[in-house]
Each structure stands twice: as C-alpha cells, then as structure tokens.
Amino acid sequence: MNKEPLVKQAYEVAKERFAEIGVDTENVLQQLQDFHLSLHCWQADDVHGFEVQAGALSGGIQSTGDFPGAARNIDQLRQDILKAKSLIPGSHRLNLHEIYGDFQGKVVDRDEVTVDYFKSWIEWGKANDTKLDFNSTSFSHPKSGNLTLANPDKGIRDFWIEHTKRCRDIANAMGEAQGDPCIMNLWVHDGCKDVSVNHMMYRTILKQSLDEIFAKEQPWMKDSIEGKVFGIGLESFTVGSHDFYTAYAAQNNKILTIDTGHYHPTEMPGDKVSAVLPFIKELMLHVSRPVRWDSDHVTIQDDPTQDLFNEIVRADALNRVHYGLDFFDGSINRIAAYIIGSRSAQKCMTRALLEPRKAISDLELAGQGYKVLGIIEEQKCMPWQAVYDEFCVRNNVPVGQDWMQEVDVYEKAVTSKR
Ligand code: RNT
Ligand code: ZN
C-alpha cells in the first residue's frame, strides 16, 4: 500500500496541532535532517573485527546469540551497513574500531597499525557520503589482561600507549580526508575482579598514559573519553570510572562520552547533560540499552533515552553533542538491529524537538507547576509520529514497519547464504 497520501494528511493535521502550541514542525523536520547518528560498525559482526589473528571478545564486554548471517569480512560489513543506511532516514556517519582495518590477510599487531590499513575505508566513506569516526581497541588481544593503559608493567602500558597514539594519527587522517573532524573514542576496560588496594596508583598511571597519548596536537580529530561502572570479570573496580573521565575531560578540554549502559540501574544518564556541560564543551553519546547490566541491547524508545534527548534539547545543546550508537545483539537480524536502534533514537529526538520548550519554561518560572506537568503529559499523546513519518517520506525511506520487507529480502538473498 502506498502510504504517502495518508502520511501527508496526518502530517497536515499534526502541523496544525503543534502550531497551536507554538511549535513549528517544518523547523523540527529541518533539525531532524541535521541530526546525524554515528552508526557503530560492530553490530554487524558481534564486535569481532578483521584481524587475521583475532581471538575471542574480551575486556568485560559480551555479545550473546548466534543469529546466522554476521558479516565475516570487510565487503560483507560494508554491504550490510549500506543496506541498513538505506532504510534509515537522514544522513549518518560510521564509527569504526581499529580492529576493522583493511588488513588484507596480514598479521598487523596493534602497535604496528597505520593509516594505510584504513585507506580503503576513507575512500569508501567518500564514495558513500559517509563521514567516519574512530576508536582505539584495547580489548580482545593477548596483552589486554585486566589492565592496559593503567598497567604498572611499563612494557604492556607502552604497547597500549603506542597503539592509541597511532589510532589518533589514523583518526586525524580520516578527519582531514573528509574535511570534518573525526571523533576518536577512547574506552579501556581496565579494572579489578576482586578487592584491590592500589586504586590511586592505577588512576594516576591512567592519567599519565592519557597525558602522553594526548600530547600531540591533532587538528582534524577530536578525543572523546568513556567511563564505565564495571565490566564482566572486572566487577569490583573500574579505573576509568565516570568521575575519573569527567574530571579529566573538564581539565583537559576533551569530549566526555556518555554511554547509556554505563551507570547504576536507577541513575538517569540524561541528568549528566546539564551537570557537565557548564564545564565540558562537547559530549559524545553511546546510545544503548542496558537490560539489568551493560547488556548492549538494541536501543528502543525507553524512558532513559527519551529523557536524555529531552535534556539535550532543553539545555539548547544540540550542537554540542555527537550521537553515537553502541549495541551489539547477536541474537537477532543485525541489519534490523541497526534500523530499529537508529529509528528509535530519531523518534526520541523527534519528540524532544516537538516539545513547546519556551512555553513550559516560562510556566515553570511563573510558578505554574501543574501546567508544566500537564503539558508534558499531554505532549506524550500529541501526533509526533506523523512528523516522523513525514520525515521518512521526505527522505525516501519506508514508512512504519514497511522496512521489514526489505530486510527479509536481504536476509534471504544475502545474509542467510553466508
Ligand atoms: C564498552 C564500551 C565501548 C564498547 C565499544 C565496542 O562497555 O561501551 O564503547 O562498547 O568500544
Ligand atoms: Zn560505549
């Protein structure tokens, strides 16, 4: 069924309903067009990567499930990403990890990596109108252990410092080639499984390693740093905690990454936004979904995600936030995972942008508390989905669940044959 005429009608009604409360839906559609996600490459293959010498996933993270069709090589991964992107409205970036280099069958250790192994990615990005972001990779390696950049063993620590410095060079080259800074995220799993006493020492070492890594000026890349509560097997202590990186980012002018799976279960990641933005210029998000722990389930329109985007819009911080995704569910169709996660994030942003911000802010300042509460509650039933549908139509992607047919065709023709 061609839904376009119905979508148009519904949009016209929505436009009037929102205009009545002072919200311009055309303006919101423009803002949505400027809302770029950075799709994480690692949902396509359960965080495996293309190292010839690749071992099992380690570093306190886990992808569970063995749904058939995971990308097994660089061509398959690129094909999957393009398929997913074709069913997500808007234009989006791709976030690569170092282990996804084009190694051409060569064993390249992490302290040997250079931009040569990412040349084909840079070309692919240009050819497919996709800007790249980057990540150093300290997990899934014989030297990963429990401690990398915070390791008191100088040999191991220097190995990871060298790796991370090289990754910054690669990110810088990507940024320069695309004429737009590449954001390089740094997350290391360093921590302790059980009671430990040298916390100050580990954190002091991590700080020193970061200082050394960040010493080189890199004009075409930006550093973001990501903390965490705990990892599997490292439950008792995390060197790079949220507090550690918040302080480091504030003092050293770095981007702070907020991964929605990295906080205590009742802690709201959205509340971090206005708490850190007076001190930190920019944020990177890893939008994910923790089910009981940092399980990295596919993003949905849940309360924490909605609250996070509301807080960004209410803080007038849209241009200070970068929007990465970070989930890796190996138990379902992986193309669908990208589409569901991305479209859910966009829907949360649509709702956030459609809020009559000025009006409720004024009411709050005028002491009209019940009206603030009332409008926010009524807002949940406003026809926001008609605006999102219109966004899909204008971007030539299927409306509603119609994308599923294309995923099924692709599964049958491509992923199920792997
Ligand atoms: C792990 C962090 C980190 C990773 C990726 C693969 O808990 O969230 O961002 O998910 O680097
Ligand atoms: Zn993350």
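One-based numbering, in listed order, for ligands and for the atoms of each. The first residue in the sequence is number 1, and the count goes up from there. No hydrogens, no waters, no symmetry mates; every other heavy atom, side chains included, goes into these values.
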Within the structure, does [X] bring an N/O atom to less than 3.5 angstrom of an N/O atom in ligand 1?
X      : result
Asn185 : no
Glu226 : yes
Asp296 : no

By number and element, which atoms of ligand 1 are closer than 4.0 Å to a non-hydrogen atom of [X]?
X      : answer
Ile61  : 1 (C), 7 (O)
His97  : 5 (C), 6 (C), 11 (O)
Phe328 : 10 (O)
His286 : 9 (O)
Asp259 : 8 (O)

Protein N/O/S neighbour count - the Zn ion (ligand 2), strictly under 2.8 Å: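 Step by step: take the Zn ion (ligand 2), keep protein N, O, S below 2.8 Å, and you get 4.
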Count the heavy atoms belonging to other residues, nucleotides or ligands that lie under 6.0 Å from [atom1] of [X], then report whether that count exceeds 12.
X      : atom1 : answer
Lys131 : NZ    : no
Asp66  : CG    : no
Lys193 : NZ    : no

Matching residue for Arg334 among Asp80, Asp46, Asp329, Thr415 - test: side chain to side chain donor-acceptor pair (under 3.5 Å):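 Running side chain to side chain donor-acceptor pair (under 3.5 Å) over Asp80, Asp46, Asp329, Thr415 with Arg334 returns exactly one hit, Asp46.
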Does Glu311 come within less than 4.0 Å of Lys272, counting only side-chain N to carboxylate O?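 Between Lys272 and Glu311 there is no salt bridge, as every charged N stays at least 4.0 Å from the carboxylate O atoms.
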Do the charged groups of Lys15 and Glu390 touch, with an N to O distance under 4.0 Å?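 Not counted as a salt bridge, because no side-chain N and carboxylate O are separated by less than 4.0 Å.
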Side chains of residues 274-293: which donor-acceptor partners sit under 3.5 Å, not counting sequence neighbours?
{"unit_1": "Glu282", "atom_1": "OE1", "unit_2": "Lys222", "atom_2": "NZ", "d": "3.1"}
{"unit_1": "Glu282", "atom_1": "OE1", "unit_2": "His322", "atom_2": "NE2", "d": "2.5"}
{"unit_1": "Glu282", "atom_1": "OE2", "unit_2": "Lys222", "atom_2": "NZ", "d": "3.2"}
{"unit_1": "His286", "atom_1": "ND1", "unit_2": "Glu226", "atom_2": "OE1", "d": "3.3"}
{"unit_1": "His286", "atom_1": "ND1", "unit_2": "Glu226", "atom_2": "OE2", "d": "3.1"}
{"unit_1": "His286", "atom_1": "ND1", "unit_2": "Asp326", "atom_2": "OD2", "d": "3.2"}
{"unit_1": "Ser288", "atom_1": "OG", "unit_2": "Asp296", "atom_2": "OD1", "d": "3.2"}
{"unit_1": "Ser288", "atom_1": "OG", "unit_2": "Asp326", "atom_2": "O", "d": "2.7"}
{"unit_1": "Arg289", "atom_1": "NE", "unit_2": "Val298", "atom_2": "O", "d": "2.7"}
{"unit_1": "Arg289", "atom_1": "NH2", "unit_2": "Val298", "atom_2": "O", "d": "2.9"}

Nearest 0.5 Å please: distance from the CG atom of Leu94 over to the NE2 atom of His40.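 Going from CG on Leu94 over to NE2 on His40, the span is 10.0 Å.
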Is there a donor-acceptor pair under 3.5 Å between the side chain of Gln76 and the backbone N or O of Arg72?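 Yes; judged by distance alone, with no hydrogens or angles, the pair exists.
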Using heavy atoms and a threshold below 4.0 Å, how should the contact between Lys228 and ligand 1 be classified: side chain, backbone, both, or neither?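 Only the side chain of Lys228 comes within reach of ligand 1.
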Select one of side chain, backbone, both or neither to describe which atoms of Asp294 lie under 4.0 Å from any atom of ligand 1, heavy atoms only.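 Within the 4.0 Å criterion, Asp294 contacts ligand 1 through side-chain atoms alone.
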Are His189 and ligand 1 in contact, using a heavy-atom cut-off of under 4.0 Å?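 Contact check His189 vs ligand 1: negative.
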Within less than 4.0 angstrom of ligand 1, does His262 place any heavy atom?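 Yes, that is the case, since the closest heavy atom of the residue is under 4.0 Å from the ligand.
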Which is it for Tyr202 and Asn151 under the side chain to side chain donor-acceptor pair (under 3.5 Å) test, yes or no, and what are the steps along the way? CA-CA 7 Å; Tyr202 300 133; Asn151 204 313; over 6 Å; no
Does either side chain, that of Asn95 or that of Asn135, offer a donor lying less than 3.5 Å from an acceptor on the other one?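 Indeed, the side chains of Asn95 and Asn135 share at least one donor-acceptor pair under 3.5 Å.
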Is the centre of the Phe159 ring less than 6.0 Å from the centre of the His141 ring?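 For Phe159 and His141, the ring centres are under 6.0 Å apart.
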